[in-house]
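In what follows, a structure is listed as structure tokens, so that the remarks can point back to it.
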Amino acid sequence: MGKKDKLVEAITAMDQDFTQWYTDVVLKAELIDYSAVKGCMILRPYGYGIWENIQKNLDAMFKQTGHENVAMPMFIPEGLLQKEKDHVEGFAPEVAWVTHGGSEKLAERLCIRPTSETLFCDHYARIIHSWRDLPKLYNQWVSVVRWEKTTRPFLRSTEFYWQEGHTAHATADEAVEETMRMLDVYADFYRNVLAIPVIKGKKTEKEKFAGAVSTFTVEAMMHDGKALQSATSHYFGDGFAKAFGIQYSDKNNQLQHVHQTSWGLSTRSIGAIIMVHGDDSGLILPPRIAPTQVVVIPIAAHKPGVLDKATAITEDLAKSFRTRIDTSDKQPGWKFSEHEMKGVPLRLEIGPRDIDANQCVVVRRDTGEKTTLSLDQLDESIAGLLDQIHDNMLAKAEKSLNSRIYETSDWDTFKSLIADKPGFVKAMWCGDPDCELKIKEETTATSRCIVSEHETEDRICVVCGRAAAKDVLWGKAY
RNA sequence: CGAGGUGUAGCGCAGUUGGCUAGCGCGCCUGCUUUGGGAGCAGGAUGUCGGGGGUUCGAGUCCCUUCACCUCGACCA
């Protein structure tokens, strides 16, 4: 047993048991703790720190696209929830109800928001009167509650944090444009901030959001080849507007219904970060959202000058990067492993030998590569390395995604691909829900999204062999 | 909600056909020595054996029940 083995024994190896690896990482990297309520997790400082950085980056993108933040109540009266038929049918089975206020039974029970369409619609009906009031581009950062049967940290919990954008527009075209704009924002965010490549597409009727005209999604591929629906953007048409009476007078003094969208990204994105980038030593965090980008580890800290120098470097770097120094009395080796497990992108070692040579040792989490850097112009070196890490993580994830998308038009090949090859299968679909259902029943794979739609004579449905226009990505999903 | 699994110290576990004061490793605390890949020595603290009920002279151990967590299905971000 070498020391490396001991390190690995803390976390289950990915290829031995991926779900156990995931649970180990989530707990040992101190992202969450379980709570007293089933299915509810506590976001610990390190886990919440990731979420804060996700919020910071994504919120800036929302602001750039003209959106404003608001805060809606967490309670929805039953009558309000029931206004839109498809919506209530979709969510009713998994809502939590408040029936009492103090010891008084409520005349009308209140559900704890599973999503806030109804609240926004109710509000919009009151504040939108004129074409001059449009568009309304609102977003909120809140938690919602869905009474899930099976829960897993970040991937599916009873309460989870997310943002939900809700917009109202004068025309259908504008609303469609908004739907696609926000889908692009999510795809860009995943790529440029989380270093995760995603596939954009449209959900099938079966998979779309309750109450939506159409749902668009970004799908990511996890290390085990399974799909994770990573964010969604919905076009509502005027269905909610009609149910809630959201009308405005247009420029010709005609009463019109608004056209709406909603879009959301949740703490599930943290699950994606873990399962796309992680390795057997633990987390590997994308530099742009890592709570700590650089951890400084003084070596032989008791020796004169070491701690002072390490502290000075930390303070200097902290002006430009999220930098922390580890002054605990643990052994250096212990610290190395600890910060690797927590996915800190860069580790900076500084000891007596370095100080004499005016240098430090910097180690990349993504490659393990160790380099010696001059203490002069350290800022530029670190900035360059963090960008390189991002680019490398993205490139690696992209390669992993692209190398595991298979394509076939043959039903038997399709079945064996789903069964034997982790990843996605691209196959044509005629659009018949029965064919979609057959795929799910016989392979457990579901349609992830329709990536494109175009009529071509020679293309046939992978299931029934009839003419097919939809290019669909299929896969097993979380 | 269906199938299966696990609950003993902070974590990982052992605990024999039911039997005396419930153990081990790691971690934790104190002190000293150490420090470039999970340190060493010495001393110390920590338990409602998940909860409730039952059988028994006696239950961590057997029975019933309940709760939580994990895995696989059905549903979702």
Side-chain angles (χ1 to χ4, degrees), chain A residues 1-12 17-20 22-24 26-28 33-41 90-95 114-115 143-164 186 203 206-210 215 217-220 227-234 262-272 281 297-303 306-307 326-341 347-355 360-361 363 368 370 372 440-441 444 446 476-478:
Chain A
M1 286 286 276
K3 293 197 167 166
K4 198 70 187 167
D5 295 319
K6 198 172 178 187
L7 163 67
V8 173
E9 108 193 344
I11 301 173
T12 306
D17 184 345
F18 190 67
T19 53
Q20 188 59 51
Y22 179 82
T23 306
D24 286 352
V26 159
L27 292 174
K28 290 189 169 138
D33 186 24
Y34 294 110
S35 78
V37 179
K38 176 182 161 64
C40 293
M41 61 184 180
F91 283 100
E94 55 179 13
V95 295
T115 178
S143 71
V144 291
V145 168
R146 298 181 187 176
W147 219 257
E148 300 287 351
K149 308 284 171 53
T150 306
T151 58
R152 293 194 60 199
F154 295 119
L155 303 175
R156 188 186 303 112
S157 50
T158 302
E159 180 182 16
F160 61 90
Y161 293 85
W162 75 346
Q163 57 70 218
E164 45 178 326
Y186 287 140
K203 285 291 185 186
K206 181 178 175 300
E207 301 282 332
K208 79 177 185 187
F209 180 81
T215 290
T217 177
V218 291
E219 300 282 327
L228 190 72
Q229 180 176 306
S230 301
T232 48
S233 186
H234 315 290
S262 86
W263 24 274
L265 177 146
S266 74
T267 39
R268 177 179 271 188
S269 55
I270 298 174
S281 297
I297 301 190
I299 304 294
H302 63 288
K303 292 200 174 150
V306 173
L307 201 53
D326 187 342
T327 54
S328 67
D329 57 4
K330 300 283 189 191
Q331 295 292 108
W334 193 95
K335 295 179 185 179
F336 298 165
S337 300
E338 179 69 9
H339 294 106
E340 272 166 13
M341 188 168 67
R347 175 175 84 235
L348 192 154
E349 303 171 23
I350 178 98
R353 294 206 300 267
D354 300 308
I355 293 169
C360 64
V361 172
V363 184
K370 205 176 254 201
T372 303
K440 184 168 186 182
E441 280 169 356
T444 75
T446 51
K476 294 177 185 170
Y478 274 98

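In what follows, chains are A, B, ... by sequence order, proteins preceding strands, each numbered from 1.
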Assign [X] to base, sugar-phosphate, or nothing according to its heavy-atom contacts below 4.0 angstrom with the strands shown.
X: A:Val361; result: base
X: A:Tyr34; result: sugar-phosphate
X: A:Gly368; result: nothing
X: A:Pro352; result: base
X: A:Gly351; result: base
X: A:Thr372; result: nothing

Using the [atom1] atom as the point on both nucleotides, what is the distance between [M] and [N], in whole Å?
N: B:U56; M: B:C64; atom1: C1'; result: 16 Å
N: B:A9; M: B:G60; atom1: C1'; result: 14 Å
N: B:C57; M: B:G18; atom1: P; result: 15 Å
N: B:G47; M: B:U65; atom1: C1'; result: 24 Å
N: B:A3; M: B:G15; atom1: C1'; result: 30 Å
N: B:G58; M: B:A14; atom1: C1'; result: 23 Å
N: B:C13; M: B:A22; atom1: C1'; result: 14 Å
N: B:C70; M: B:G37; atom1: P; result: 37 Å

- [ ] Report, as yes or no, whether the 6.0 Å neighbourhood of atom OH on A:Tyr161 holds more than 12 heavy atoms from other residues, nucleotides or ligands.
- [x]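 Check fails, neighbour count at 12 or below.
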Given [options], the nucleotide with the shortest approach to the side chain of [X]:
X: A:Thr151; options: B:U35, B:A77, B:C70; answer: B:C70
X: A:Lys440; options: B:U71, B:G36, B:C75; answer: B:C75
X: A:Pro153; options: B:C76, B:C28, B:C70; answer: B:C70
X: A:Lys149; options: B:C1, B:G36, B:A77; answer: B:C1
X: A:Phe209; options: B:G37, B:A77, B:G36; answer: B:A77
X: A:Arg156; options: B:G36, B:A77, B:G37; answer: B:A77
X: A:Thr19; options: B:C76, B:C72, B:G37; answer: B:C72
X: A:Pro332; options: B:G36, B:A77, B:G37; answer: B:G36

- [ ] Please figure out whether A:Phe154 or A:Asp17 has its closest RNA chain B nucleotide nearer the 5' end.
- [x]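 The residue closer to the strand's 5' end, by nearest nucleotide, is A:Asp17.
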Task: Upstream residue (5' side of RNA chain B) when A:His302 and A:Tyr161 are each assigned their closest nucleotide - done: A:His302
Quick check on [N]: is either OP1 or OP2 less than 4.0 Å from any side-chain nitrogen or oxygen of [X]?
X: A:Gln229; N: B:A77; result: yes
X: A:Lys28; N: B:G12; result: no
X: A:Lys38; N: B:C69; result: yes
X: A:Arg152; N: B:U71; result: yes
X: A:Tyr478; N: B:C76; result: no

Open item on the list: Could you check whether any side-chain heavy atom of A:Trp162 comes within less than 4.5 Å of a side-chain heavy atom of A:Thr267, counting everything from C-beta outward?
Closed with: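 No, side chains not in contact.
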Open item on the list: With a 4.5 Å cut-off on side-chain heavy atoms, are A:Val306 and A:Ile299 touching?
Closed with: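 Sidechains of A:Val306 and A:Ile299: no contact.
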Counting Watson-Crick and G-U wobble pairs only, both distances under 3.5 Å, name the nucleotide matched with [N], or none.
N: B:G4; value: B:C70
N: B:C32; value: B:G40
N: B:C13; value: B:G23
N: B:A45; value: none
N: B:A59; value: none

Task: Pairing of A:Lys203 and A:Glu219 as salt bridge, 4.0 angstrom limit - done: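 Yes.
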Write down the distance between [atom1] ([X]) and [atom2] ([N]), rounded to a whole number of angstrom.
X: A:Phe91; N: B:C76; atom1: CZ; atom2: P; value: 9 Å
X: A:Asp329; N: B:G27; atom1: CG; atom2: P; value: 13 Å
X: A:Ile355; N: B:G36; atom1: CD1; atom2: P; value: 15 Å
X: A:Ile299; N: B:G36; atom1: CD1; atom2: C1'; value: 5 Å
X: A:Glu148; N: B:C1; atom1: CD; atom2: P; value: 14 Å
X: A:Lys330; N: B:A39; atom1: NZ; atom2: P; value: 9 Å
X: A:Lys370; N: B:G37; atom1: NZ; atom2: C1'; value: 7 Å
X: A:Asp24; N: B:U71; atom1: CG; atom2: P; value: 10 Å

Open item on the list: Just verifying a value: how many Å separate A:Lys38 NZ and A:Glu148 CD, rounded to the nearest 0.5 Å?
Closed with: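 Between A:Lys38 NZ and A:Glu148 CD, I get 11.0 Å after rounding to 0.5 Å.
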Open item on the list: With rounding to the nearest 0.5 angstrom, report the OG1 to NZ distance, A:Thr446 to A:Lys476.
Closed with: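 The NZ atom of A:Lys476 is 11.0 Å from OG1 of A:Thr446, to the nearest 0.5 Å.
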TODO: Tell me whether A:Phe160 is stacked on the nucleobase of B:A77, counting only the six-membered base ring and applying the 5.5 Å and 30° thresholds.
DONE: yes
Distance-only, no hydrogens or angles: does the [X] side chain make a donor-acceptor pair with backbone N or O of [Y] under 3.5 Å?
X: A:Ser143; Y: A:Glu159; value: no
X: A:Arg268; Y: A:Leu155; value: yes
X: A:Lys335; Y: A:Asp326; value: yes
X: A:Arg146; Y: A:Pro114; value: yes

Open item on the list: Under a 3.5 Å cutoff, is there a donor and acceptor pairing between the side chains of A:Gln229 and A:Thr217?
Closed with: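 There is no such pair between these side chains.
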Open item on the list: I'd like to know if A:Glu338 reaches the base of B:G37 with its side chain such that a donor and an acceptor end up less than 3.5 angstrom apart.
Closed with: no
Pairs under 3.5 Å (N/O, protein and nucleotides 2-6 of chain B):
none

Open item on the list: Tell me the closest heavy-atom pair linking A:Phe209 and A:Thr215, and the distance in Å.
Closed with: N-OG1, 2.9 Å
